[in-house]
Amino acid sequence: IKKGKRGSFPSSFTSHKNSLFFAADDGDKGSELWISSGSKNGTKLAADIQRGDKGSSPSDLLTQGKDLYMSADDGIHGRELWSYNINSGQYQLIRDIRTGSKMGPNPSDLPPLNGQVVFAAEGNVYGRELWSSDGTKNGTKMLLDINPGGLDSNPNDLSLLNGDLYFTANTYFNGRQILKLDRSGLNVTEIVGSPGQATSSKPSDLYASKD
């Protein structure tokens with residue numbers, strides 16, 4: 001993809017049917033979204049989100065139906081949530097979550113849940129919390145202010161088990177714990193607690209097996 005010895009640094013791979021999506025740097029447009037059928041002629045640039053040579057550095061790629069979701073920086077809004085229509089090749093910013101900032105909300109950890117995408121992001125008011133999106137601007141919203149006010153709950157390690165979403169986050173009373181997002185009611189409950197205020201067990205690196 002990038003001629004010469006330096007390489008294109010492909011990363012963030014995800015597949016859809018007979019196509020592979022990933023981020024790569026061709027040396028001209030920076031790190032952008034690429035698509036490959038597994039052949040040389042079938043490997044090409046899919047979306048040039050940030051014009052110029054800096055690149056949007058797509059990450060956390062997730063396919064959901066005909067759409068691919070990702071975190072990307074267009075150089076104007078900062079790192080935000082974007083979608084790419086696999087059928088038409090059209091791409092768009094879903095919602096400017098952190099307005100007035102070129103830093104962006106930095107959405108990350110994008111698992112699917114009930115036809116939606118769940119992710120961690122930082123808004124204008126509530127700090128870094130848990131968000132969800134159905135691919136539309138109005139359908140992109142914060143699920144819960146887990147650590148109230150401007151404090152960050154900083155959701156991380158998002159992992160699906162039996163249709164429910166488990167993750168680690170900073171809680172107001174018990175510090176960092178494992179929490180569960182119920183797939184039906186979208187209720188968040190703490191499943192592992194520690195005694196004492198702001199005392200946490202500091203779990204990390206969750207991984208769900210079959211059971």
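Please read all numbers here as calculations on a predicted model, not as lab measurements. Numbering starts at 1 and runs along the sequence shown.
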Side chain to side chain, T99 and N124, heavy atoms closer than 4.5 Å: yes
Around atom CG of N18, are there more than 12 heavy atoms from other residues, nucleotides or ligands closer than 6.0 Å? no
Does R98 pair with E122 as a salt bridge, N-O distance under 4.0 Å? yes
Determine all donor-acceptor pairs shorter than 3.5 Å in which one atom belongs to a side chain in residues 61-71; sequence neighbours excluded.
residue, atom, partner, partner atom, Å
Q64, NE2, Q116, O, 3.2
S71, OG, R79, NH1, 3.2
S71, OG, P107, O, 3.1

In this structure, NZ of K137 is separated from CD1 of I94 (nearest 0.5 Å) by 12.5 Å
Is V188 close to K180 at the side-chain level, that is, under 4.5 Å between some pair of heavy atoms? no
Side chains of residues 19-34: which donor-acceptor partners sit under 3.5 Å, not counting sequence neighbours?
residue, atom, partner, partner atom, Å
D25, OD1, G27, N, 2.8
D26, OD1, D28, N, 2.8
D26, OD1, K29, N, 2.8
E32, OE1, I49, N, 3.0
E32, OE1, S56, OG, 2.6
E32, OE2, Q50, N, 3.1
E32, OE2, S56, N, 3.1
W34, NE1, A24, O, 3.4

Separation between CG of D145 and CG of D152, rounded to the nearest 0.5 Å: 10.0 Å
Sub-4.5 Å side-chain heavy-atom contact between L144 and L130: no
Is the NZ atom of K54 crowded by more than 12 outside heavy atoms at less than 6.0 Å? no
For residues T168 and L206, determine if any side-chain heavy atom of one lies less than 4.5 Å from a side-chain heavy atom of the other. yes
Let me confirm one number: the CD1-CE distance from I97 to M142, rounded to the nearest 0.5 Å. 11.0 Å
